[in-house]
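Structure, as structure tokens:
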Amino acid sequence: MEKVVIFDTTLRDGEQAPGFSMNINEKIMVAKQLAKLGVDVIEAGFPAASPGDFESVRAVAENVKGPIIAGLCRANRKDIEIGAEAVRAAERRRIHTFIATSEIHMKYKLKMSEEEVLERAVDAVKFARNFTDDVEFSAEDATRSDLDFLCKVIEKVIDAGATTINIPDTVGYAIPSEFKEKISYIMNKVPNIDKVIVSVHCHNDLGLAVANSLAAIEAGARQVECTINGIGERAGNAALEEIVMALRTRKDFFGLTTSINTSEIYRTSQLVSHITGVYVQPNKAIVGKNAFAHEAGIHQHGVLENPLTYEIMTPESVGFPSSRIVFGKHSGRHALKKKLEALGFTDVTEDQLNRIFERVKRLADRKKEVFDDDIFVIAQEEILAIPFKTFELEYVHTVSGNKLLPTATVRLRRGEEIYQDSAIGDGPVDAAYKAIDRITQTPGKLVSYQLRAITQGKDAIGEVTVRVSFNGTVVTGKGSSVDVIEASVKAYINAVNRYFYRKQLESQGIELKITET
Ligand code: KIV
Ligand code: ZN
């Protein structure tokens with residue numbers, strides 16, 4: 001059966017969306033999970049965008065085996081040189097170069113004529129071929145481009161050596177039947193199109209990204225660019241899990257296959273959600289927590305008699321777990337190590353294991369049942385956190401009530417030094433944040449605050465995600481605890497530390513891309 005190449009751009013188009021940024025450790029972990037999921041290509045970033053981006057792409061290229069590692073580059077030689085260096089260590093590497101072909105982009109953004117764009121595209125592809133024989137070319141805003149000009153560019157870049165041609169619906173403007181026609185037109189009109197794989201890259205502004213991708217597949221596209229949970233700029237990109245499960249569930253219709261190990265889908269979705277702190281909507285297809293829940297009595301009856309009455313795919317096929325209790329007071333280090341491996345934490349050091357073990361044990365004392373997700377958030381804090389902790393929480397005490405002035409006392413450690421201060425606020429969390437601001441002398445403005453229960457029950461771990469603006473730079477912080485005040489304070493301190501980490505890198509001349517705003 002013919003195969004559709006799955007090109008994952010979670011770490012590039014997904015990560016570049018506001019509020020989705022990941023640190024380098026987190027990106028490596030996601031990339032390793034994508035390899036386990038079986039994606040064919042991982043677009044690891046946009047190396048010329050910033051030194052931070054370059055380092056992340058290089059780290060993924062060095063550490064992740066299996067998929068092709070791609071780096072995105074504008075159609076200029078400098079970007080391509082930087083991109084080529086970033087992916088050099090990969091087992092298999094791809095340079096993905098792009099330039100816009102629509103009239104509106106050429107006129108207002110590039111300020112270039114059709115001839116200049118064509119020349120740049122051809123030069124970029126030829127230059128990229130000096131570094132690898134796997135070169136992808138994207139015609140940005142292809143769906144709003146003049147179709148005959150688009151065909152001409154495609155023909156010339158294939159002659160120049162491109163091996164994959166990507167047709168992006170950059171602004172999510174296409175309609176499925178129209179997009180299918182456009183792809184068919186390109187397939188028929190471009191004389192050398194049979195020498196390449198035709199790819200599509202659809203944005204979701206009209207909620208049609210997956211539908212458009214599938215329509216393009218019907219017309220002969222054999223690569224789709226997509227992200228886990230559909231994350232990405234604005235309304236996001238086409239969701240990988242939806243495309244893959246549509247192809248699998250409707251094999252009778254498409255007659256195509258992918259290399260995705262679908263039982264890893266749910267785990268990958270959760271990993272991306274945990275790491276970014278952006279939660280999956282409950283009714284999201286394939287990976288939402290209600291995706292397989294049957295509430296209506298008539299449905300439940302049917303499903304019990306025969307699951308096929310209302311289920312077109314099984315929860316097991318996407319690795320949907322029934323939340324299991326995994327850890328008790330008497331479980332040992334060995335069991336924990338195995339569990340961490342199953343959760344994707346494969347390179348845990350002895351020291352990290354000990355710290356996680358102590359925390360999980362303490363949790364097991366406070367909470368009756370410890371779930372996979374509880375262990376995940378603890379491991380995430382211990383393993384994936386930035387390697388730089390300016391401040392650590394020693395102690396927090398809050399007083400509040402409906403007839404009291406909320407007050408907080410916070411004690412923080414920085415190296416050997418201890419700092420303590422108190423403040424009043426609009427509530428206990430606000431008071432604690434003000435006390436921290438007094439200690440750090442770096443006041444933050446809370447942009448957003450999100451609290452969610454990681455697992456079920458009144459004693460569930462609460463995970464808090466905050467976005468805080470320090471001197472105009474917005475950073476994300478996360479913290480977890482069974483005590484929501486403590487989780488809130490930890491999240492704020494995490495944001496403070498990330499801000500100081502950023503400042504430290506900047507003082508070394510390493511500027512992180514401002515993706516956290
Ligand atoms: O949306 C888009 O056009 C892109 C290209 C750079 C592929 O992300
Ligand atoms: Zn895009």
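When reading the values below, keep in mind they use all heavy atoms of this one structure, side chains included, and skip hydrogens, waters and symmetry mates. Please read all numbers here as calculations on a predicted model, not as lab measurements. Both ligands and their constituent atoms are indexed starting at 1 by order of listing.
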Quiz item: Looking at Ile42, Ile6, Leu240, which hits side-chain contact (heavy atoms from CB on, under 4.5 Å) with Leu37?
Solution: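 In the set Ile42, Ile6, Leu240, the residue that makes a side-chain contact (heavy atoms from CB on, under 4.5 Å) with Leu37 is Leu240.
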
Would you tabulate the side-chain donor-acceptor contacts of residues 147-161 under 3.5 Å, counting partners in other chains and residues two or more places apart, or write 'none'?
unit_1, atom_1, unit_2, atom_2, d
Asp148, OD1, Tyr185, OH, 2.7
Asp148, OD1, Lys189, NZ, 3.2
Asp159, OD1, Asn192, ND2, 3.0

Quiz item: If you measure from each heavy atom of Arg12 to ligand 1, is any distance below 4.0 Å?
Solution: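 Right, Arg12 reaches ligand 1.
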
Could you tell me, atom by atom, which parts of ligand 1 come under 4.0 Å of a heavy atom of [X]?
X      : value
Asp13  : 8 (O)
Glu140 : 3 (O)
His203 : 1 (O)

Exercise. Identify which protein N/O/S atoms are less than 2.8 Å from the Zn ion (ligand 2).
Key: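 Only Asp13 OD2, His201 NE2, His203 NE2 fall inside 2.8 Å of the Zn ion (ligand 2).
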
Quiz item: When rounded to the nearest 0.5 angstrom, what is the spacing between CG in Leu72 and CG in Leu11?
Solution: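 Answer for the CG-CG pair, Leu72 versus Leu11, is 13.0 Å.
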
Quiz item: Once the angle between the rings of His201 and His203 is folded into 0 to 90°, is it parallel (under 30°), tilted (30 to 60°) or perpendicular (over 60°)?
Solution: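 Tilted: the ring planes of His201 and His203 meet at 30° to 60°.
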
Practice problem: Would you please classify the geometry between the Phe7 ring and the His96 ring as parallel, tilted or perpendicular, with 30° and 60° separating the classes? | Solution: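 Geometry flag for Phe7 against His96: perpendicular rings.
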
Self-check item: Ser488-Tyr449 side chain donor-acceptor pair, cut-off 3.5 Å
Solution: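 Yes, Tyr449 and Ser488 have a side-chain donor paired with an acceptor closer than 3.5 Å.
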
Quiz prompt | Under the salt bridge (Lys or Arg N to Asp or Glu O under 4.0 Å) test, residues paired with Lys109 that sit two or more places apart | solution =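 Testing Lys109 for salt bridge (Lys or Arg N to Asp or Glu O under 4.0 Å), a comparison that skips the adjacent residues, returns Glu140.
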
Exercise. Examine His201 against ligand 1 and note whether any of their N/O atoms are separated by less than 3.5 Å.
Key: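 N/O-N/O distance below 3.5 Å exists for this pair.
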
Quiz item: For Arg94 and Glu136, what are the C-alpha separation, side-chain angles and deciding distance, and is it a salt bridge (Lys or Arg N to Asp or Glu O under 4.0 Å)?
Solution: CA-CA 7 Å; Arg94 174 178 296 187; Glu136 173 168 336; 2.8 Å; yes

Quiz prompt | atom 3 (O) of ligand 1 - nearest protein heavy atom and its distance | solution =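 Looking at atom 3 (O) of ligand 1, the protein heavy atom closest to it is Thr170 OG1, 2.6 Å.
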
Quiz item: Which pairs pass side chain to side chain donor-acceptor pair (under 3.5 Å) with one or both residues in residues 227-236, sequence neighbours excluded?
Solution: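 Checked against side chain to side chain donor-acceptor pair (under 3.5 Å) - neighbours excluded - the pairs reaching residues 227-236 are Gln16-Glu233, Asp205-Arg234, Asn229-Ser269.
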
